[in-house]
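First comes the structure, then the notes that go with it.
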Amino acid sequence: MKKNKAIIMPIVILLIAFVLRLGVLLEHGLDFMIASDDMGYVSSAKRFLMHGMLTYHFKDVPTVHLMPGEPLLLAFIFKMVGYDAGLWVAKVVHILIGCATIFVAMKLAEHWVGKQWSWLVGFIAAIFPPFIQVDNLYLTEGPYTLGTMLLLYGSLKLAKHQTDRWLYFVMASYFLALYFRVNIALYPIALFIYLIVKRYPWPIYRRHLLISIAALLLVLGPWWVRNYIVFDEFIPLTGGSGDPLLLGTFQGENYPRGSYDEFVAIGNARVAEETDILSKMHERGIEAKKRMAQWWEDDPMSMLKSYFVLKPIMYMESVFYWQPVYDISEKVVVTAYRILLAFGILGWLMMAFTARFRAEFILIATYVCINIALNSYYFAFARYNYPLVMLWIIGTVYVLATVVRAIRNRKGGHRHAKAGFTHYPRL
């Protein structure tokens, strides 16, 4: 009976997730969009099929503004079934990616909350409106989140089994995520610290490190070569960091005067070609660093407060929900998210004081801190915290599971005491 339930429950949860996401697709069709990056990726994919060139801002100018994962995924779908049908198929593919993410999250959550409580993680993720929204859009958030969940799951398995098979799983997950978003680039730092805490054997670690470096050269090599041939410089990932760096200097308090448009214009004036986006991004980075230097000179305390307090709060306080689903308001969703955030953080902090989960807490905490640090240094934007939401759900369920188990154990202890026993079951 228990075995059947372990099979049926995940299937039911995934079916709920699929039906809710398919319902949005059937109700809104292709009109469900944010008319921003989503349609930019669609246009990029179309032009890639037509001209064999990865573009974004201009139809005949190559780009290094983004990683190629989403345009290439869409281009593959369009190539297989055609553009018109491909738009529908791509929606379904993203829905399936979202369902796969929920399944992996349940498998990951089992490590901390057990199999049955992991179903609650899956159920919350299945009905959480921002997840339903993203899974109906042509965006990197869905595939990227799947990649990060696989990466975290593989990291736990690698630390436990220390085999090449799990190393390959971790590498594949890492490159999958990286080809959609650069945010995961520094994850190896978190993994390195985690493996040290887990006392990963040095001979195995050294061999796995060499394999990882070789895989890095093999997988990212074509991207580096392409960028060097097209732009005549080594660009390891993307070349668009100047814009978010500049935007970030307009967040916080007491930052230097001026407007974003004003400094964009100043930077653009130094670029001869209108289509030279890479140079424009570079110039915006220069203007950003000038503003940061001026900010530090004028009011270093406000700058420190902005980058270490205010911008992290801006990054974490809300959730990406630009296109409502099932008439659920943004206010309701943000309130629910903040509850998950508060209890999620509490749950992970509780794990920090649990010897069994302390190493995994360090992995998750390092990964989260890297995300907060990067986005606070650049542009603190709620959309970029989307991949962390699943972790807050896991942390919240851990709190609930701990409380329920404590209540059950206390009741069990009272029954034992009445029967003449003095032993209380451990949590």
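Worth saying up front: this structure is predicted, and the values here are computed from it rather than measured.
Closest non-hydrogen pair, Ile102 versus Ala17, comes out as CD1-CB, 3.6 Å. Counting all heavy atoms, side chain and backbone alike, Leu30 lies closest to Met33 at O-CE, 3.2 Å. Closest approach of Ala90 and Leu74 over heavy atoms only: CB-CD2, 3.7 Å. When every heavy atom of Gly252 is checked against every heavy atom of Ser306, the shortest pair comes out as CA-OG, 3.4 Å. Listed here is the closest heavy atom pair of Gly86 and Ile77: O-CG2, 3.7 Å. What you find for Arg284 and Leu246 is that their closest heavy atoms are O-CB, 3.9 Å.
If you take CD1 on Ile211 and CG on Asp164, they are separated by 5.0 Å, rounding to the nearest 0.5 Å. The distance from the CG atom of Leu167 to the CG atom of Leu209 is 9.5 Å, given to the nearest 0.5 Å. The distance from the CE atom of Met281 to the CG atom of Leu245 is 11.5 Å, given to the nearest 0.5 Å. Put simply, SG on Cys99 and CG on Asp135 are 7.0 Å apart, with the number rounded to the nearest 0.5 Å. Here CZ of Phe180 is found 9.0 Å from CG of Leu146. Values are rounded to the nearest 0.5 Å. Atom-to-atom distance recorded for Leu25:CG and Ile95:CD1 is 5.0 Å, nearest 0.5 angstrom.
Residues Leu237 and Leu178 are in side-chain contact: their nearest non-hydrogen atoms beyond the backbone lie under 4.5 Å apart. Residues Trp392 and Val368 meet the side-chain proximity criterion, which asks for heavy atoms closer than 4.5 Å. When side chains are defined from C-beta on, Glu141 does not count as touching Tyr144, because their heavy atoms never get closer than 4.5 Å. A heavy-atom distance below 4.5 Å is found between the side chains of Leu139 and Arg383. A heavy-atom distance below 4.5 Å is found between the side chains of Leu156 and Leu363. When side chains are defined from C-beta on, Val121 does not count as touching Trp112, because their heavy atoms never get closer than 4.5 Å. In this structure, the side chains of Leu54 and Pro62 stay at 4.5 Å or more apart for every pair of heavy atoms. Put simply, the side chain of Leu278 reaches to within 4.5 Å of the side chain of Ile235, judged on heavy atoms.
A donor-acceptor distance shorter than 3.5 angstrom exists from the side chain of Trp224 to the backbone of Pro236, with no hydrogens or angles considered. A donor-acceptor pair under 3.5 Å links the side-chain atoms of Asn385 to the main chain of Ser318, judged by distance alone. Of the possible donor and acceptor atoms, one in the side chain of Gln251 sits under 3.5 Å from a partner among the backbone N and O of Ala380. In terms of modelled atom types and a separation under 3.5 Å, the side chain of Glu283 and the main chain of Asn268 share no donor-acceptor contact. A side-chain donor-acceptor contact under 3.5 Å links Thr148 to the backbone of Thr145. Judged by distance alone, the side chain of Tyr326 and the main-chain N or O of Leu20 form a donor-acceptor pair under 3.5 Å. Asp38 places a side-chain N or O within 3.5 Å of a backbone atom of Ala35 that can act as its donor or acceptor partner. When atom types are taken as modelled, the side chain of Arg21 and the backbone of Val134 share no donor-acceptor pair closer than 3.5 angstrom. For the pair Asn409 (side chain) and Ile407 (backbone), a donor-acceptor distance under 3.5 Å is absent. In this structure, Tyr367 contributes its side chain and Tyr187 its backbone to no donor-acceptor pair below 3.5 Å.
Counted within 6.0 Å of NE2 on His111, heavy atoms from surrounding residues, nucleotides or ligands total more than 12; the atom is thus considered enclosed. Atom NZ of Lys107 has 12 or fewer heavy atoms from other residues, nucleotides or ligands within 6.0 Å. Heavy-atom contacts from other residues, nucleotides or ligands closer than 6.0 Å to CZ of Phe123 number 12 or fewer. A 6.0 Å sphere centred on CE of Met301 holds no more than 12 heavy atoms belonging to other residues, nucleotides or ligands. Atom OH of Tyr228 sits in a sparse spot, with 12 or fewer heavy atoms from other residues, nucleotides or ligands closer than 6.0 Å.
Taking the six-membered ring for Trp and the full ring otherwise, the centers of Tyr386 and Phe131 sit less than 6.0 Å from each other. Ring-centre distance between Trp295 and Tyr307: below the 6.0 Å cut-off.
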Between side-chain atoms of residues 332-361 and protein atoms elsewhere (two or more places apart, or another chain), which donor-acceptor pairs fall under 3.5 Å?
{"residue": "Thr335", "atom": "OG1", "partner": "Lys331", "partner atom": "O", "Å": "2.9"}
{"residue": "Tyr337", "atom": "OH", "partner": "Met316", "partner atom": "O", "Å": "2.7"}
{"residue": "Arg338", "atom": "NE", "partner": "Glu317", "partner atom": "O", "Å": "2.7"}
{"residue": "Arg338", "atom": "NH2", "partner": "Glu317", "partner atom": "O", "Å": "3.3"}
{"residue": "Trp348", "atom": "NE1", "partner": "Leu391", "partner atom": "O", "Å": "2.8"}
{"residue": "Thr354", "atom": "OG1", "partner": "Met350", "partner atom": "O", "Å": "3.1"}
{"residue": "Arg358", "atom": "NE", "partner": "Ala352", "partner atom": "O", "Å": "2.8"}
{"residue": "Glu360", "atom": "OE2", "partner": "Tyr194", "partner atom": "OH", "Å": "2.7"}

What pairs of donor and acceptor atoms, side-chain ones from residues 212-222 against any protein atom, are under 3.5 angstrom apart with sequence neighbours left out?
{"residue": "Ser212", "atom": "OG", "partner": "His208", "partner atom": "O", "Å": "2.8"}

Please list, one pair per line, the donor and acceptor atoms closer than 3.5 Å that link side chains of residues 259-267 to other protein atoms, with sequence neighbours excluded.
{"residue": "Ser259", "atom": "OG", "partner": "Glu262", "partner atom": "N", "Å": "3.1"}
{"residue": "Tyr260", "atom": "OH", "partner": "Asp243", "partner atom": "OD1", "Å": "2.4"}
{"residue": "Glu262", "atom": "OE1", "partner": "Ser259", "partner atom": "N", "Å": "3.4"}

Item to check | Worked verdict on Tyr179 versus Glu70 for side chain to side chain contact (heavy atoms under 4.5 Å, CB included) | outcome: CA-CA 8 Å; Tyr179 260 86; Glu70 184 69 17; over 6 Å; no
Next on the checklist: Apply side chain to side chain contact (heavy atoms under 4.5 Å, CB included) to residues Ile328 and Tyr321 and explain how you reach the verdict.
Outcome noted: CA-CA 10 Å; Ile328 303 172; Tyr321 189 58; 3.7 Å; yes
Checklist entry - When you look at Tyr200 and Leu158, which way does the side chain to side chain contact (heavy atoms under 4.5 Å, CB included) test go after all the steps? => result CA-CA 9 Å; Tyr200 205 73; Leu158 176 63; 3.2 Å; yes
Checklist entry - Would Phe18 and Leu14 count as a side chain to side chain contact (heavy atoms under 4.5 Å, CB included) if you check the C-alpha gap in whole Å, the side-chain angles of each, and the deciding distance to 0.1 Å? => result CA-CA 6 Å; Phe18 182 77; Leu14 294 177; over 6 Å; no
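Taking the six-membered ring where the residue is Trp, His65 and His57 present perpendicular rings, their angle passing 60° and hence far from 30°. A tilted orientation is assigned to the rings of Trp322 and Phe381, their planes being inclined by 30° to 60°. Using cut-offs of 30° and 60° on the angle between ring planes, the pair Phe32 and His28 is tilted.
Counting only N and O atoms by type, the side chains of Tyr153 and Ser173 include no donor and acceptor under 3.5 Å apart.
The residues Glu287 and Lys290 are annotated as salt-bridged, a charged nitrogen and a carboxylate oxygen being separated by less than 4.0 angstrom.
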